[in-house]
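Here is the naming used below: chain letters follow the sequence lines, and residue numbers restart at 1 for every chain. Predicted model only: the values in this text are computed from it and were never measured.
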Protein chains: 2
Amino acid sequence: MSRVVSRNEINMADVAQRAGVSVATVSRALRGLPGVGEATRERILEIAEELAYVISPEASRLSGGPTRRVGVVVPAADMWFYGQMLAAIERRLRAADLDVLIYQVKDVDVRQRFFRQLPTRRKVDVVILIALPLPPEEASRLDHLGVEVVVAGGSVRDFPHVEVDDRAIARTAVAHLTGLGHERIGMIRATSYGDVHWDPDRLRLEGYQLELAAADLPQRPEYVASVPFTPEGGAEGADQLMSLPDPPTALLCFSDEIAFGALEAIRRRGLRVPEDVSVIGIDDHPLAATLGLTTVRQDVAAQGEMAAEMALLRLDHRRVEDVVMSHELVVRTSTAPPPARGTT
Amino acid sequence: MSRVVSRNEINMADVAQRAGVSVATVSRALRGLPGVGEATRERILEIAEELAYVISPEASRLSGGPTRRVGVVVPAADMWFYGQMLAAIERRLRAADLDVLIYQVKDVDVRQRFFRQLPTRRKVDVVILIALPLPPEEASRLDHLGVEVVVAGGSVRDFPHVEVDDRAIARTAVAHLTGLGHERIGMIRATSYGDVHWDPDRLRLEGYQLELAAADLPQRPEYVASVPFTPEGGAEGADQLMSLPDPPTALLCFSDEIAFGALEAIRRRGLRVPEDVSVIGIDDHPLAATLGLTTVRQDVAAQGEMAAEMALLRLDHRRVEDVVMSHELVVRTSTAPPPARGTT
DNA sequence: CTGAAAGCGCTTACAG
DNA sequence: CTGAAAGCGCTTACAG
């Protein structure tokens, strides 16, 4: 207590000396290994506490221990979905006393460099890949990582993963609209970023098409707009679809953020939501409740936690099962039956 | 090329053997230290490349090198502002080949544990603190970190920091409103989180009050609402202020996210923005453009980059100057002159 | 310009 | 239950 711990670090040898034992015994005691007398162990723990001893991770690692670090590879930390994921993963892993390293790989060249250099090698025990669309060459590089891999928000090869059923999510949304009586339903897709295709986008489009078919509605390619994954993108998409000669009466948006832009664009055209046009999103973004947006909710934080849990299991080399998280329709005020034909 | 690099790592000794030199020479060559013949250096670099050699950070660190890791301590990675900051910091630091460790400390107990245990000790070379309101006991613990400290989005003690002028930002916003002729101007504050006071909130309130005084307008405490830092909070705040007997004609919101909620609440009351009520935010969140929100823009990513830059300098033990980043009024369609008195 | 050797702070057989 | 010693893969004086 009287002693200030600063740059001159306290080492295991200091603890050992103070306790009158060898460093080997301190090492065992601190890690809860068998082969240390109860009294000895307690004394050692007390002294370590008192000296505010922190183990040198480098030395520990170098002599065979794990790094106790997890790498999270994510397209961009500044987008809502990834931020949620990342935050949840960090919280869970921190609780298990692991450190979290973050690697953003949004830009194609940064991502390619990542997979060429594999900078997580020798630095982490597990890598969590978040919703990363990967060309085969890059996916195959993962074997060279030399660490466990877990995937969240999608799937990559046969690595353990947690995801939602994007096809079913889109079907749920479209079924809600057809249930209200809509027959002209448009979809605003979010274009893949960079050079690679994005699974959720592809699967949600499939779900949209499947559900239209299930409701005996025609597939109208002009009802599908592809836009950048931003609110402005959503506005563009809505403008494009609503200026069609025979515009849709309802819009499924790839995400709530896209939907926010669509809502605004529709209002700017002098149309009312939901009287003239219904809008449904996907995610249940915090703003969705405020803006009254009907959406299909997925629990992003829960996916992150689950991914962290899987990482923890893989650390112990235990088998883990893939997980598909549930989703749920949240009806608010942006969806209603279509206007009577010709009224618009 | 023919050799697969996997779990059996390639060490410096392997490179040395292949190159027919000692590990000492390889170590020097790889780090660009003087005292290695040009031809030797080139051969070593080639072989290292060919073998896809990655240095063991643990061994390097243990024998005196830096960790080449930076810890970022942030309230929550899943909030817009922090996500922007974090993303920008990571990008800059990654470009300098440093790894970024993230520590979330939103909850009081987690934060207290952080400052009790200081888990970044022995793990990073620099810690970047993002917009962290800290009680004095915790701020003083930073001396025990044993690493450099840099602060972003605020200031803590006399550590080098980058911030915006929150007082001036609020004054700019209020001046815009008074310039339009508003005399009844409300403010929606974001309450501090947890047990500590939040500088930007306090300073923006001060700026609001100063600018009212400068315009010879009365301070009306009932015109200031304190709400949680969420869109719903913004809606609550707007409801509270607009249901006053003599409601404001303009609202300054702590942030754009608060303003989004306020906009919606105002609309729900059957009032129009900006005809009946003007709303101004702070930040220039991506949705602000879409929703036509007038705001005072601050470049959060630039602040993050600057903080990363400072961290890089501190790594080299160079002196750094504190930085105050600029801000800028962005006029959109949510602000206009007040309605003629009595019209509302 | 280059190498042999000590040392960084731990963990892990191996003995006792 | 406990300790002495080797070893992890580097860096850094110290020699040459």
Side-chain angles (χ1 to χ4, degrees), chain A residues 5 7-45 47-48 51-69 97 99 121-125 146 315, chain B residues 5 7-45 47-48 51-69 97 99 121-125 146 315:
Chain A
V5 183
R7 339 231 139 189
N8 34 24
E9 296 287 358
I10 293 201
N11 295 326
M12 202 176 266
D14 301 314
V15 178
Q17 191 188 14
R18 271 265 235 161
V21 296
S22 71
V23 290
T25 299
V26 174
S27 175
R28 294 185 190 106
L30 257 29
R31 283 175 301 146
L33 257 42
V36 185
E38 202 40 54
T40 315
R41 180 188 309 278
E42 270 174 28
R43 191 154 36 85
I44 291 173
L45 290 181
I47 292 174
L51 297 181
Y53 171 68
V54 190
I55 196 171
S56 159
E58 333 294 337
S60 169
R61 176 73 249 280
L62 196 52
S63 36
T67 67
R68 298 201 65 76
R69 279 178 232 129
D97 250 330
D99 281 316
R121 281 188 294 163
R122 308 192 104 159
K123 292 184 182 168
V124 302
D125 301 321
L315 249 178
Chain B
V5 183
R7 337 231 139 189
N8 35 22
E9 297 287 358
I10 293 202
N11 295 327
M12 202 175 266
D14 299 316
V15 178
Q17 191 188 13
R18 271 265 235 161
V21 296
S22 70
V23 290
T25 299
V26 174
S27 175
R28 294 185 191 108
L30 258 28
R31 283 176 301 146
L33 258 42
V36 185
E38 202 39 55
T40 316
R41 181 190 308 278
E42 269 174 27
R43 191 154 36 86
I44 291 174
L45 290 181
I47 292 175
L51 297 180
Y53 170 69
V54 190
I55 197 170
S56 158
E58 332 295 337
S60 171
R61 173 75 249 280
L62 196 53
S63 34
T67 67
R68 298 200 64 77
R69 279 177 230 129
D97 250 332
D99 280 317
R121 280 188 293 165
R122 307 192 105 159
K123 291 183 182 169
V124 301
D125 301 322
L315 249 177

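Between B:Ser22 and C:dA4 there is no side-chain polar atom (N or O) within less than 4.0 angstrom of OP1 or OP2. Side-chain nitrogen and oxygen atoms of A:Tyr53 include none within less than 4.0 Å of the OP1 or OP2 phosphate oxygen of C:dG9. In terms of phosphate contacts, A:Thr25 brings a side-chain nitrogen or oxygen within less than 4.0 Å of OP1 or OP2 of D:dG3.
Between B:Leu33 atom CG and D:dA13 atom P there is a gap of 11 Å when expressed in whole angstrom units. Distance, B:Ile10 CD1 to D:dC10 P: 11 Å, rounded to whole Å. For the pair A:Leu51 CG and C:dG9 P, the computed distance is 15 Å after rounding to whole Å. In this structure, B:Lys123 places its NZ atom 14 Å from P of C:dC10, rounding to the nearest Å. Between the C1' atom of D:dC10 and the CG atom of B:Asn11 lies a distance of 9 Å, rounded to the nearest Å. For the pair B:Arg41 CZ and C:dT2 P, the interatomic distance rounds to 9 Å; values are reported in whole Å. Atoms CZ (B:Arg61) and P (C:dG9) sit 9 Å apart, rounded to a whole Å. Following rounding to the nearest Å, B:Arg31 (CZ) and D:dT12 (C1') show an atom-to-atom distance of 8 Å.
Here the side chain of A:Met12 is nearest to one of C:dC10, D:dC8, C:dG3, namely C:dC10. For B:Ala59, the listed nucleotide lying nearest its side chain is D:dC10; candidates were C:dT2, D:dG3, D:dC10. When distances run from any side-chain atom of A:Ile55 to the nucleotides C:dT11, D:dT2, D:dT11, the shortest one goes to C:dT11. In this structure, the nucleotide among D:dC1, C:dT11, C:dC10 sitting nearest to the side chain of A:Thr40 is D:dC1. In this structure, the nucleotide among D:dA4, C:dT2, D:dG9 sitting nearest to the side chain of B:Ser56 is D:dG9. Closest to the A:Arg28 side chain, of the nucleotides C:dC14, C:dT11, C:dG9, is C:dC14.
Here B:Arg121 contributes atom CZ and A:Ile55 contributes atom CD1; the two are 12.5 Å apart, rounded to the nearest 0.5 Å.
Base pairing of D:dA15: its partner is C:dT2, meeting the Watson-Crick or G-U wobble criterion (both donor-acceptor distances under 3.5 Å).
Not a single donor-acceptor pair, N or O on each side, falls under 3.5 Å between the base of C:dC10 and the side chain of A:Ser60.
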Report task. Could you go through the side-chain contact (heavy atoms from CB on, under 4.5 Å) check for A:Val54 and B:Lys123 one step at a time? Result -> CA-CA 10 Å; A:Val54 190; B:Lys123 291 183 182 169; 5.9 Å; no
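Mapping B:Ala24 and B:Leu62 onto DNA chain D by nearest heavy atom places B:Leu62 at the nucleotide closer to the 5' end. Each of B:Val21 and A:Ser63 was assigned the nucleotide of DNA chain C with the nearest heavy atom; the assignment lying further toward the 5' end belongs to B:Val21.
Inter-residue side-chain proximity for A:Arg43 and A:Ile47 is flagged as met; some heavy-atom pair is nearer than 4.5 Å. Counting only heavy atoms from C-beta outward, the side chains of A:Val26 and A:Tyr53 never approach each other to under 4.5 Å. In this structure the side chain of A:Arg69 never reaches within 4.5 angstrom of the side chain of A:Arg61, judged on heavy atoms. Between B:Arg41 and B:Ile44, every side-chain heavy-atom pair lies at or beyond the 4.5 Å cut-off.
B:Gly64 comes within 4.0 angstrom of nothing in the nucleic acid, heavy atoms only.
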